[in-house]
Structure formats: C-alpha cells, structure tokens
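One structure is given below, encoded as structure tokens.
Letters A, B, ... mirror the listed sequences (proteins, then strands); counts begin at 1. Since the model is a prediction, treat every value here as computed from it, not as a measurement.
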Protein chains: 2
Amino acid sequence: MPRSSLNRSVVVRRAAELADTHGLESVTLAAVARSFGVQTPSLYSHVRDLAALRDQVTVLALDELATRAGEAVAGRSRHDALRGFAAAHRSYLADHPGRWEALQRRAGPEAVAAPAARRVVQVTDAVLLGYGITGPDRTHATRVLGGALNGFLNLERIGSFAHSSPPAEQSWQELVDALHLVLTHWHQRGTSRGEETP
Amino acid sequence: MPRSSLNRSVVVRRAAELADTHGLESVTLAAVARSFGVQTPSLYSHVRDLAALRDQVTVLALDELATRAGEAVAGRSRHDALRGFAAAHRSYLADHPGRWEALQRRAGPEAVAAPAARRVVQVTDAVLLGYGITGPDRTHATRVLGGALNGFLNLERIGSFAHSSPPAEQSWQELVDALHLVLTHWHQRGTSRGEETP
DNA sequence: GTCCGCAGCCTAACACCAGTAGGCGAGAAC
DNA sequence: GTTCTCGCCTACTGGTGTTAGGCTGCGGAC
C-alpha cells in the first residue's frame, strides 16, 4: 500500500470538489475520507477540524476568484474592466458553486486574515481606480460593488429568479450597466452631497 | 402535566428564536426539543423533517420581512420609499439575524411557493412603481434592487467589512443613494440602449 | 358518570457524524 | 541493521436525524 499521497492541500482540494458536486454542507470529514479510501480519523493529521477544513475551502475560493478576476481585468478599464470583473464572478459561481458557497459564509479569523482576501479587494480597487474613484470613497465603492455582485449572484443561486419570466442573464446585464452608471457618477454624487469637503 | 402547548407554529417560532440567538445551523431538532423539555421524536408530530422546519423558518422570515418592508413603504414614494424599504431590510437583519440567515438559503419547493415570497416581491414592486418603472423592466429592477440590498447586508453579516476603516453604516447610505440614482435613470438608460423598442 | 378513540408524547433502536486515545508498521536517518 | 518518527489504523464516546411502536390522558358519545 503506498504510504499515501495525503496532504493538506490535496485534502482541501478534494473537499472543494465535493462541495462543487454535492454542496458545501455535504462536505464532511467522513465523505472526504471515503473519497480517499481512508478512515475518518486519518484526516486529523492534515486538518485541525471540520471548521478549519471548510475555512480552507473558503481561502482556496478567494484565491481562485482573485486570480480569475485579476486576469479578467488586466489591461482593461472602466466599462470593459467592470464587465470582465463581473463576468469573472459569475463564471466562477457557474464553475464552482460549492466554493462560491464557501464565500458566503462567516469564516474563521485565520481565513479572513489570509492574503487571498486582500487580493480580491485589490482587484476590485483596480476597477475603481479606472473610474477615478480614490480616497475614502473607494472603500464605500468597493463595498457597494462587491455587495451588488455577490447579492445578485446569491439570489440567482438560491433560485429566487427561477420563478419569474425573463432569464437572469438579462437582469445581470442590467445590473452591470447600472453599476457602470453608479461608478461613473460616483464623484459628482459624492461632492454634490458635500461629503468630500466637509 | 399539561397535555402540551406544542404546535406547528409554536415549534417554528421557537426554531426562529434559536436561530436568532445561536445561528441557523444550531437549529436542530434536538435543541428545539430540549427547549420545550420534550424528547426529540415528539417533534415529528408537528414537523415533517429538519429540512422542513428550516424551510418554515424561511417562510416565517419572508412573511415578517414583507410586513416590515410594507409598513416602511406605505405612504411614501421614490427616495423616501427606497430609504424605508432599505432600512426595513437592515433592521430586520439586526433584529433577527438567524431568520435573515434562513433567507440566504435555497429553500424547498413549498417554501418558495408560499404567498410570503410573493409579498416581498409586491412590496419591492411598489417602490419601483414610484419611480415609474413598469413592464418587463420592472422584473430586472426588482432583481437588481433585491440583489444589491441582500448582497451588501450579507457581506456585512459575514464580517467582510469588519477589517476596513469606515463604518459600514456610511457605505450603506452610499448604496441607498446609488440605488436611487440607478432607479431614477432606469428608463432613460433602458431606452438609450434600444432595449424597450426592439 | 362511564367508556372509548385518538392525538400526543414517550422509549427503543439504528445509522451517521465529529472528535479523542492509543497502537502499529513502513520508510527515513544513521 | 537498528532505531525513530510519522501517518494511518482500530476502538470508543457523545451527539444527531429518523423510524417503529407503546403508553396515557383528554375530549366526545352515550
């Protein structure tokens, strides 16, 4: 019997695959061990905990999402960058629904401190810089942009759009265009409300 | 011993309270039974399943949210209605985090077919009608609005905003103002892209 | 008032899961 | 070749969902 190729990153990757095929909440230590043909307690050499395993799936997802979004944004600006950024999110959900699910969860402290989390923010910032949004406003815009994309995709994922007629794809285009409008007018709107020069 | 005050709606309500205090995933049949001083199998007279219990918490949340949002919108229009609608969502999350969590989940078929789900959409439509958004565009706007609000609040809930400086409250105001801008310009943007008269 | 039906809660039991304690053997170090 | 170490193992505990079937006390029929 080969001593085994079991490994922390291998275990996490397998957990992510199980999440994608059967949903995150069916990612269980017993299921992961079964998929390796191994007994459950053997995993504790590589993973502290079930919670830690799921947290690491979250970190993996953050990392992959940041990479995919970064590639989609590279060399583009404004509307093109925004479209690529949004499409990266949507395609990641389509390709890896279980890992996406892991992003919609409150993760442990070591997961949120991971560099992968910061990378996602950095890519978002790159899009906003293309719109000329800087300073403290950029944090607000990051949150608005991230929230809108995540929220739409999450509603689509849980089936909220499945029972009304127009396909979600069209609404998605509307959302991206709406965000373009918001980002284009961000500065003017901010100054008109007198928040930037108090 | 009183024959019991156990009841389907009482059980669901207790499950919702447990969700609010300890999180939705700690809503377990064993915990609900314990809170009534009753054995676990006794609950099966009132609830089909653990999944059904959680689905009914979702329906309860949809109903309460629709009521709260409806009251916040009544007699208002445009920016005022939007602000009330958004504030209703945010306050519901603050007051009932566990029930909110139940809204971010894929629910069973009988839950999504519940009248409560339609009521939420109707209230949203009322806000959009105030902006003069009608016809097929209204579905898109409903999804954009719902997605943006849900997404922002969900990111706030899972702590995504806890590690950057400006408080989330300010970003929330920015989001509501941004949505006002989007809804105000919805019609123009739609026609300018030639989608309404194909 | 007495009896019966039945709804509602009970015990018993099974399968599954997370997590802990300690054993054992294969490969590496020397 | 001997020894050490690490990775996987077995055995076990406590908790969970779910089913099957028993008991009991309340409400209605007479």
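For A:Gln104, the side-chain hydrogen bond (donor to acceptor under 3.5 Å, both in side chains) test picks out A:Asn150, B:Asn154, with sequence neighbours left out. With sequence neighbours left out, the side-chain hydrogen bond (donor to acceptor under 3.5 Å, both in side chains) criterion links A:Ser160 to no other residue.
The existence of a salt bridge linking B:Arg106 and A:Glu101 is excluded, since no basic side-chain nitrogen approaches an acidic carboxylate oxygen closer than 4.0 Å. Taking the charged nitrogens against the carboxylate oxygens, B:Asp55 and B:Arg105 do have a contact shorter than 4.0 Å, which makes a salt bridge.
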- Let me see the working for A:Arg68 and A:Asp95 under salt bridge (Lys or Arg N to Asp or Glu O under 4.0 Å), right down to the final yes or no. CA-CA 12 Å; A:Arg68 192 179 283 219; A:Asp95 294 343; 2.8 Å; yes
_Stepwise side chain to side chain donor-acceptor pair (under 3.5 Å) test for A:Arg99 and A:Thr58_ = CA-CA 7 Å; A:Arg99 306 177 202 204; A:Thr58 300; over 6 Å; no
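Near DNA chain C, meaning a heavy atom under 4.0 Å from it, residues 103-111 of chain A has no residue at all. Non-hydrogen atoms lying under 4.0 Å from DNA chain C are contributed by A:Arg34, A:Pro41, A:Tyr44, all within residues 32-45 of chain A. Residues from residues 8-30 of chain B with heavy atoms under 4.0 angstrom of DNA chain C: there are none.
The separation between A:Asp49 atom CG and C:dC17 atom P is 17 Å, rounded to whole Å. Between A:His46 atom NE2 and D:dC6 atom C1' there is a gap of 10 Å when expressed in whole angstrom units.
Counting only heavy atoms from C-beta outward, the side chains of A:Leu153 and A:Arg90 approach each other to under 4.5 Å.
When B:Leu183, B:Val144, B:Leu82 are each tested for a side chain to side chain contact (heavy atoms under 4.5 Å, CB included) with B:Leu128, only one passes: B:Leu183.
Screening residues 25-45 of chain B for side chain to side chain donor-acceptor pair (under 3.5 Å) gives B:Arg14-B:Ser35 as the qualifying pairs, with residues at least two apart or on separate chains.
Side chains of B:Glu174 and B:Gln170: no donor on one and acceptor on the other come within 3.5 Å.
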